[in-house]
Amino acid sequence: MASWVAEIGQGFLMLALSLCLWTVVLAWSGAQKKEPRLVALARKGMALTCLAASGAVLCLAYALAKSHFEIAYVAKVTNRDLPLFYKLTALWAGQAGSLLLWTWLLSLYGVFAAALGKRHLPDLLPWAMTIAGITGAFFLALNLFAANPFQLLKEVFTDGTERPFIPRDGQGLNPLLQHPAMTIHPPILYLGYVGFTIPFAFAMAALIVRKADGDWTASLRRWTLVSWLFLGTGIVLGGYWAYLELGWGGYWAWDPVENASILPWFTATAFLHSIVVQQRRGMLKGWNFTLIAATFLLCIFGTFLTRSGIVSSVHAFGKSTIGPFFAGFLGISAVLSLALIAYRWRDFRADHRFESMLSRESSFLYNNFLFLLACLAILGGTLFPVFSEWFTGNQITLGQDFYNGVFIPIGLLILLLMGAAPLLDWRKTAFAEVKRVFPVPLSAALIGLSIGWATGARSLYTLLAFALAAFVTVATVLDVCRDAACRRKNRTESFPAAFAGLFRVNRRRYGGYVVHLGMVAMAMGLTGAAFNTHVQGGLREGQSLALGPYIFQCNRIRIDHHGNPNYATALAEIDVFQNGRAFTRLSPEKRFYFASEQSTSEVALHSTLREDLYAVLSGLEDDGIASIQIYRNPLVAWIWLGGFLMALGTGIALLPAPKSGKGFALALALMAAGFLSGNPSARAQASTRPTTSPARLFETGNSLQVHLSVLMLGALDAHTLVVQKRYRIVNEANAIFPAEEGIALYVPESTIGDVTATIDRGGVKSEIRPVPDPRSSIYRIPIPVEPGELSLDVRYRIPFHPGEHAMKEVFLYPTHAFPVFVFPPSVHIRSDRIEPVSRQERMNRYQTTQGFDAGEALLFILWDTALALEDPGRPGTIMERPNRLQKIQLPLIAGTTLCLFLAVLGGLARARPPKDSGEVDSVQLEKQVQVLQDTLRNLDSQRQAGLLDENAYRERQNEAQRKLMRIRSQSGWKE
Amino acid sequence: MKSPQVKLLLGMVVILGITGWMAYSGIQSSKAYYITTDELLELKDGAFGQRLRVAGYVMEDSMRWEEGKLGFSLSVRGDSIAVVYIGSRPMPDTFREGSQAVVEGEYTRAGLFLADLIQAKCSSKYEAELNSLREGTSSEKHPAAPGD
């Protein structure tokens, strides 16, 4: 039976592609003929495309949620026992699904752009829709023909016949992706990547209609800011995920895929600064168009890099067939857009020239230069293996030394500019002004330097980072305070009111300052890496490690496999003492995921603003020794804090002006909505914690269910492991499965001695000797499975090798596989650990039941131990102290971003002209200031030329200066 | 007096020069030839005394832990090379026997590869075709066959 979900999904995709092509044709002819009716039709086409794409996404989501394994993508990225939340997020866990998400987001952006463009940029809209439509059609075509998420699984026989194939279970989601940060990181990153299509489309449209300048650049900047925000937050969340999930104590490794995401961020950051120069001074126009095109092209390039496998990376999707399509698309759009820019270069004549080194526009120029330099250096490093292979035949890869060596100095220079630029004036800064504004920040830099020295920093870069961080912070805060003081004086407002007034009038500027402070926080967090310390060792229960003022005592090692069908876990409880006093408890885990047969480390983290304590359980070795890594990473939390400030500042710059308290309340409400929507991802982690319900390892329709309810592992000695399992077999079908078919059991070939099985049918127990199959290591248990329930205990021994992590059990009724995890060491039983049940009591219990042999008793003791240890309220131990900071980090960043997304869309959608009042205000003021300054200068030269007498000169000069003062005080404006 | 344009340009040239120099020294200190084990063995004497980044599959039954040292054999299809890692970083979760790994370090004349960095690719299972699913039993019967 063909899959109806796949059919419908496929249908939606085809519909979307044809609608998209239709939109392109309509928009293009509308642009050619300047016919508004065609454009209106094209807008409808855009909306319908989005609807169809949404239908396809919904179909895939439904197929994932309902485990339609006949669809190849679903079988590849999910399995039955995956929690629903992760089943849904598997939508972007693989190549085809994430491309579909990409396409869908693009169509969504397209609808918004069409709606807003109609109101604000009617002359650019048709062309922009054409360009965005072509991009959308490319992605839809890719989804249909090269990476189709609805492709069905087929079985091909040797004679060439095919038939549909439906696996019983999927391969499971990569465990590394089963993390809340990972569920939200890709969509946010994609929102960034995809979003740059819209400013690119409008910019190219502007070039086509020869409108390189004007008010519409405010809209361009706004769109770019939205995408920039998502890209930045996506990158930060990616780092956060890597920090928590990859377990190597770091967050950034200059991996090609990470580099690919930061490259467009660099160019977009450069653009956001240089567009200000264009708006204020009419300079750098061609450069801005180049930057916006470069950003879009780098986004496509990043996708190409991630998905084609030309550069080896831990993140890459692996070799795939879609590389050439991307390369082609990238090449064509690069040639066309750059050619268009070159063709229109004459339109970009600058209105002014650079007048001085010490001016705002020069610092913007340097900012651009540095960002571009960083971008090129990292791009070069990433592609170095490719180029070196072309030229020398050898692939040469570059390591951390290269990237850090190049990027750290550039980053420090950017930091310097960040502090200095706001202190400089447009056009030219007088030396007197420099003397007035620089001393305080400079002395702050000195203080920062000495703080760095006092904390033990000796390397030049680290010391500079401390100094510059202090410099930027003080310069920024001082600047804002000065403006506020000026406003307070001239408006007789209270200081907080003046402060709020500043943010209201010129949100772009002060929002930018908040972003700058976020960057300083991030820089400090990155600098903290210079002070990282770590210690590692193999710990038994009761043993400890020391690091700085901390002692890490391994309190207990626990293996937990109670009924979580998704994974089993080994957990080390480490009590942390600071200067001898109880501080916290860290519980790093090692998980084994059944479906994907992969293990992952779940780090335990105690995060404070001062430092992170980060524990990894990297393995359980022989004899119950847990190998533990402890990292003490100072200041890491500041990176995430910086990410939050970045989002907040961008939000301030983006939000529509709150005319009254209503707007503010709306923003707050959206913020709350964002937090609420950020929280499910945090809850999802909790829902995957082990529960005590019996494991449902697989089910085969409703006819026969097999549950594994007990899984006991124990070591008889250092070399032998005993495995005991209890299966509960529920036959709901009204049929007897005869004994000849029976139950077949696969045990490892290395099994020592006999395999024993006990059948319990409604309290009647019988021992059965499984029959070994002469050709394989399958044991047959000749019992009929009658309707009803029966339980089966199977026990066997295998030699224990430390390196052997997992073995397989195959329950051949019907043919199916499921893995069972065996942790390499046995749990060590120590009498003092089994408090709730006394030793005597336990012995009595076992003696009263039938005669257990030593091994069996051991197994049950183990079981009891595990149960007893589950009891949380054991006296004399440290209960886990809530680490609020760590808990709020992710919801904070993700929630803020989500809320901003809502707010931005809401704000963009509300009928506001492209230029909001704040920007108009400042632009007009700037012009007035310029006029007045020119007047003053003219007066000077007139007096020197003898055209004015002294009195007239003084009078006019006073008047101009008075006006200047008034403008300055009105908005806290600095010239 | 020089025009501001010239001064701006001069500043950029200085920064460019410094960055270029940093990039050059970074390349010198961190460049590593990216080759497979087969290519390493073909290099013979040429392989010594430089930083290499070698890709291969971790051979089954070859991993040995010993007092903070990790030893294993790496191979693509021909002969394997012996790798020893001495360091404190925990191994990536995806690093295990049969998985694809990249080791970075130096090849010594004793025929031992001294690695200071180990990276693992996702287990072959993710890259494997869906065939493994179809066979119903297990993907473990699909080890990362060298050379497939």
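Convention: sequence-line order gives letters A, B, ...; per-chain numbering from 1.
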Query - Rounded distance [0.5 Å steps], CD1 in A:I396 versus OH in B:Y33 - result: 4.0 Å
Report task. Please determine, among B:K31, B:E39, B:M12, the option with the most heavy-atom pairs under 4.5 Å with chain A. Result -> B:M12
Query raised in the report: Which value, rounded to the nearest 0.5 Å, describes the distance between A:W254 atom CH2 and B:S30 atom OG?
Result: 12.5 Å
Query raised in the report: Who wins among A:L398, A:L365, A:V77 for the most heavy-atom pairs under 4.5 Å with chain B?
Result: A:L398
Query raised in the report: Which bit of A:F69 comes within less than 4.5 Å of chain B, counting heavy atoms only: side chain, backbone, both or neither?
Result: neither
Query raised in the report: What parts of residues 20-27 of chain B touch chain A if we use heavy atoms and a cut-off under 4.5 Å?
Result: B:M22, B:A23, B:G26, B:I27
Query raised in the report: How about A:F369 and B:L8: do any of their side-chain heavy atoms sit closer than 4.5 Å?
Result: no
Report summary line: Interatomic distance, CG@A:L370 vs CG@B:L16, rounded to 0.5 Å, equals 10.5 Å
Report summary line: One should read off an interatomic distance between B:Q119 CD and A:D255 CG, to the nearest 0.5 angstrom, of 7.5 Å
Report task. Let me know if A:L413 has heavy atoms under 4.5 Å from chain B in its side chain, its backbone, both or neither. Result -> side chain
Report task. Can you tell which part of A:L373 gets under 4.5 Å to a heavy atom of chain B, answering side chain, backbone, both or neither? Result -> side chain
Query raised in the report: Of the backbone (N, CA, C, O) and the side chain (C-beta and beyond), which part of A:L358 lies under 4.5 Å from a heavy atom of chain B, both, or neither?
Result: neither
